[in-house]
Number of protein chains: 2
Amino acid sequence: MQTIQSDSYPIFFDNSITQLVSFVKQGNYSRVFILTDENTGEHCLPIVKGQLDVLDNFDIIEVNAGEESKTIDFCIGIWKMLIDFGADRKALMINLGGGVITDMGGFVASTYKRGIDFVQVPTTLLSQVDASVGGKTGVDVDGIKNIIGTFTQPKAVFMHGDFLKTLPARQILSGLAEMLKHGLIVDTAYWDKLKTSDLSLPSIELVHRSVEIKNEVVTEDPHEKGIRKALNFGHTIGHAVETYSLMNDEDSLSHGEAIAIGMICEAWLSNKKIGLPDSELAEISQVLNGLYPHYKIKESTFPTLLEHMLKDKKNQNGKINCTLLKHIGQYSIDNNCTDDELCDSLRYYAGL
Amino acid sequence: MQTIQSDSYPIFFDNSITQLVSFVKQGNYSRVFILTDENTGEHCLPIVKGQLDVLDNFDIIEVNAGEESKTIDFCIGIWKMLIDFGADRKALMINLGGGVITDMGGFVASTYKRGIDFVQVPTTLLSQVDASVGGKTGVDVDGIKNIIGTFTQPKAVFMHGDFLKTLPARQILSGLAEMLKHGLIVDTAYWDKLKTSDLSLPSIELVHRSVEIKNEVVTEDPHEKGIRKALNFGHTIGHAVETYSLMNDEDSLSHGEAIAIGMICEAWLSNKKIGLPDSELAEISQVLNGLYPHYKIKESTFPTLLEHMLKDKKNQNGKINCTLLKHIGQYSIDNNCTDDELCDSLRYYAGL
Ligand SMILES: NC(=O)c1ccc[n+]([C@@H]2O[C@H](COP(=O)([O-])OP(=O)(O)OC[C@H]3O[C@@H](n4cnc5c(N)ncnc54)[C@H](O)[C@@H]3O)[C@@H](O)[C@H]2O)c1
Ligand SMILES: NC(=O)c1ccc[n+]([C@@H]2O[C@H](COP(=O)([O-])OP(=O)(O)OC[C@H]3O[C@@H](n4cnc5c(N)ncnc54)[C@H](O)[C@@H]3O)[C@@H](O)[C@H]2O)c1
Ligand SMILES: [Zn+2]
Ligand SMILES: [Zn+2]
C-alpha cells in the first residue's frame, strides 16, 4: 500500500515495523524512548521490540492506561524521567499506543528542550484513523480535555494492522465511527465499501483510505479555519451526548458511540434543512443503528445537552453551527441550527 | 527610531505604548490578559494601564517576582486561571515584565488551546536586549532551567525606555553584559560607543542596536545550528561560574555578572589561541573589570567549574567548545579548549 506523504512526514503502511527500525537507525539519535501504557506495553511492545533490539540503547516509559493519564501531571512525570535519563536534544520519542499516548507523548516531546523528534505508532483504530494524523498534540488540565497542547508534526507515522487484533471490540467500534464519518463527508464509494465490509476487524486498506481522507483535509487547513470543519460532522451533538454520558453514566459511552448518535441526529438535520434525500437519511440511520447499541436519551436531558453544545469551542456568539450533509459524500459547513431543530433531531434518534 | 522587522513580527521602539494599544484594538481579541510580577505590577503596569483603559475588557494575572516563579507549577496555575476566566482561542496575552515573565508567559500562551496570540513588553534591560527576541519560550522543571519550552514567535514586541528607570542598578548591569557581548562579537563601532556612554541607564538607541544585532543573528539561524553560536561568547565559562555561584554563594552572581567574567576569560583564550591582539584583550579586561565587581575564584573550584562546562548542553562528546574573538567585532565558533587552557584563563581573571 502506498506510503502517504503528509505535509512534512511520511505515513507508512507496508512493513511498517521494518520501516520504523530503519528510520531510527538512520536518525542517529543519541537515545530512544518508547512511551507505552500498560496494555500497549503488554500487547504491542513485543511486536516492535524484537526488531528494535538491534539498537544499543532504548528505554521504556510506561504509564497507566486510560484518559486519566493524559494530564499535565503525567507530563511532568515523563519530563522528569527524560531529565533523569539525561535525554538531550538528539533524543527520539516513539509513542506506542492509542490516542492518549500519541497525544500526550507528542506534547511531551514537542516541549522537552523546546522540541525533540517524535514518531507515532498508533495501536488503536481511533488513533490510526484520527489522532495520529493532523499534528495536534494535547493533554488535559483540571478535567478539561486537550486544553494544553501544540500543533507539532511527528517525523513519521507507522501503521500496523496487527495491533488491532488485541483491541477490544468496543474500541474497534469507537474508531469505526470516524471512518464512517470520512465516507459520509467526502467519499460515497468508501461509505459503500464500509457498508459491505467485515467491520469487526477493519482491514489496513480501509484504514489507509481513512488516513488519506483525514490527511487531505488537515493538510489543506492545518489551523481549523475552513474545510477542516468537515470533520465535525456528528460532533456537535455527539460531543454533547458524550459529555453528558461521562458525567452521568456508570459505564459511559465511548467517543465513537457518541459520535454515531451525533451523526444520526445531524443526518436528520441535513434532511430537514439542506435536502439530504430521505433514502440517504434512512440508509445512514440503519447502518449506524445496526452497528452501535441504542442509547436512551430522555426529553428531560435536552436542556443540558443544548448547554453542552453552546459551550463547545466551535460555537460562538450563542449560536450552534453544525456540519451537515447535502448528500452522502458531500458535506456542508456552518449550518446554524435552532434549539427546536436540535431537540427534534434528538427525538428522531430516540424514536428509532 | 526604526521599527525592527523580525521574521514575522515587528519590534516597536517609538511610541510603543500607543502602538501596543492600537495593536490590541485592531486585533479584535475576545479578551486580553496581562501577565505581571509584583514589581512590574507596581512599576510598569501603571505606565500601560492608563492607556489600555480604553479597552472594555482586560484581566491581570500577577505572579511572585523572581526565577522561583518560572516553573511548570506556576504555568499550571496560569492555565487554570485562563480556564476559569473562560479564555478562548481569540484571547491575547500581554507579557509585561522581565525574562521570567516573557519566557513563562510565552510558553503558557503558546500551549493554551494549542496556542493563543501573545506580545512581549520587556521591562528589564536583559529582557529587552535578549529574552524577548528570538522566539524561545521556556520554564524550569525540578530546578533545571528552561528544560521545557517551545520556539514560538510573539505577534509583536514593544520596547519602552522608561521602564528601566525603576530597575535596580544590578539588573541594569546584568543586561548590559549582553549588550557589550553584541559589540564584541560583531560590531566594533557599537563596542566603542558603549565604552564612552553613560551605562547607568542605557539609552533606547543603544537597546535598539543590540536588538538589531540579536535579531539578525537569530533570524539567520532560528534553531541554533551555526551562527547563533556567536551569542555564546562568554557563556561557556560564564554559565559554569553562574551555576557554581548559585549553588555556593549566599548572594549569588547575576547572569550578566557571570557572563562578564566569562567574557574576560574567553578573551584571554582568544588571545592565546586565535590571535586576539594583546591590546584588545587588555581593553576588554579593563572595560569589563571596571564595570563589574571582581569575584573571587579559587583554584580549588576549578574542577567543579570544568565539570559544569562539560555538562553544558552546547558541549558534546566530552569536548568543551568556545566561541572566541579574532578581533573585537569578529567572532569565531567551535574552538575546542583543553582543561589546562580553561584553567589558565580562570587564573588570568583571578589575577586581574
Ligand atoms: N490528536 C487528535 O487529533 C485526536 C483525535 C481524536 C482523538 N484524540 C484523543 O485520543 C484519545 C482517545 O484515543 P484512544 O481511544 O486510542 O484511547 P486510548 O489511548 O486510551 O486507548 C484505548 C484503550 O485501548 C488500549 N489499547 C491501545 N492499543 C491497544 C492494543 N493494540 N491492544 C489492546 N489494547 C490496546 C489502551 O491501553 C486503552 O485502554 C482521547 O484522549 C482523544 O482526545 C486525539
Ligand atoms: N528567551 C530567551 O532567549 C532568554 C534570554 C536571556 C534570558 N532569559 C531568561 O530571562 C530570565 C532573566 O531575565 P530578567 O533578568 O529580566 O529576570 P526577571 O524577570 O526576574 O527580572 C529581574 C527582576 O527585576 C524586576 N523588574 C522587572 N522589571 C522591572 C522594572 N521595570 N522596574 C523594577 N523592577 C523590575 C523583576 O520583578 C525581578 O525581580 C531568566 O529566566 C532567563 O532564563 C531568556
Ligand atoms: Zn471524533
Ligand atoms: Zn546570556
Side-chain angles (χ1 to χ4, degrees), chain A residues 28 30-31 71-91 103 106-117 134-153 222-225 228 310-317, chain B residues 28 30-31 71-91 103-104 106-117 134-153 222-225 310-317:
Chain A
N28 238 318
S30 61
R31 226 168 159 135
T71 63
I72 189 73
D73 297 316
F74 269 85
C75 292
I76 294 176
I78 301 171
W79 285 321
K80 287 188 181 175
M81 290 184 76
L82 293 175
I83 294 171
D84 287 346
F85 277 123
D88 67 13
R89 292 181 192 180
K90 287 285 298 167
D103 274 18
F107 179 66
V108 164
S110 74
T111 52
Y112 183 72
K113 301 218 172 188
R114 301 198 182 92
I116 59 172
D117 284 0
K136 284 186 182 178
T137 76
V139 298
D140 311 340
V141 172
D142 253 3
I144 318 266
K145 281 204 58 162
N146 301 322
I147 188 77
I148 302 305
T150 59
F151 283 103
T152 314
Q153 304 295 349
H223 289 87
E224 291 195 300
K225 311 267 177 206
R228 195 161 178 159
L310 263 181
K311 272 198 216 137
D312 193 315
K313 58 180 180 252
K314 283 153 208 132
N315 293 313
Q316 283 169 337
N317 314 322
Chain B
N28 241 317
S30 60
R31 223 164 165 143
T71 62
I72 188 72
D73 297 315
F74 270 84
C75 292
I76 294 176
I78 301 170
W79 284 322
K80 286 188 181 175
M81 289 183 77
L82 293 175
I83 294 170
D84 286 346
F85 278 124
D88 67 13
R89 293 182 191 180
K90 287 285 298 165
D103 274 17
M104 174 164 65
F107 179 66
V108 164
S110 73
T111 51
Y112 183 73
K113 299 213 171 192
R114 301 198 184 89
I116 59 172
D117 283 0
K136 284 187 183 178
T137 77
V139 298
D140 311 339
V141 173
D142 254 2
I144 319 265
K145 281 204 57 162
N146 301 322
I147 188 77
I148 302 305
T150 59
F151 283 104
T152 315
Q153 305 296 348
H223 289 88
E224 290 195 302
K225 312 265 176 207
L310 263 182
K311 272 198 216 139
D312 193 313
K313 58 179 179 253
K314 282 150 207 135
N315 293 314
Q316 283 168 338
N317 314 323

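Within every chain, numbering begins at 1; the chains are lettered A, B, ... in the order of the sequence lines, protein sequences first and strands thereafter.
The parts of Ile147(A) that come within reach of chain B are both its backbone and its side chain, each placing non-hydrogen atoms under 4.5 angstrom from that chain. Only the side chain of Ile76(A) comes within contact range of chain B, with at least one heavy atom under 4.5 Å from a heavy atom of that chain. For Ser110(B), the part sitting under 4.5 Å from any heavy atom of chain A is the backbone (N, CA, C, O) and nothing else. Neither the backbone nor the side chain of Thr152(A) comes within contact range of chain B; no heavy atoms are under 4.5 Å apart. For Ile72(B), the part lying near chain A is the side chain, with the backbone staying farther off; criterion is any non-hydrogen pair under 4.5 Å.
Partners of Phe74(A) under the side-chain contact (heavy atoms from CB on, under 4.5 Å) rule, at least two apart in sequence or in another chain, are Val63(A), Asn64(A), Ser69(A), Thr71(A), Met104(A). In this view, Asp142(A) and Lys80(B) satisfy the salt bridge (Lys or Arg N to Asp or Glu O under 4.0 Å) rule, not counting sequence neighbours.
Without hydrogens or angle criteria, Tyr112(B) side chain to Ala87(B) main chain gives a donor-acceptor distance under 3.5 Å. At least one donor-acceptor pair under 3.5 Å links the side chain of Arg114(B) to the backbone N or O of Thr137(A).
Contact count versus chain B (heavy atoms, under 4.5 Å) is highest, among Asp73(A), Val108(A), Ile83(A), Leu82(A), for Ile83(A).
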query = Hey, mind stepping through Thr111(A) and Phe107(B) against side chain to side chain contact (heavy atoms under 4.5 Å, CB included) and telling me if it holds?
reply = CA-CA 9 Å; Thr111(A) 52; Phe107(B) 179 66; 3.9 Å; yes
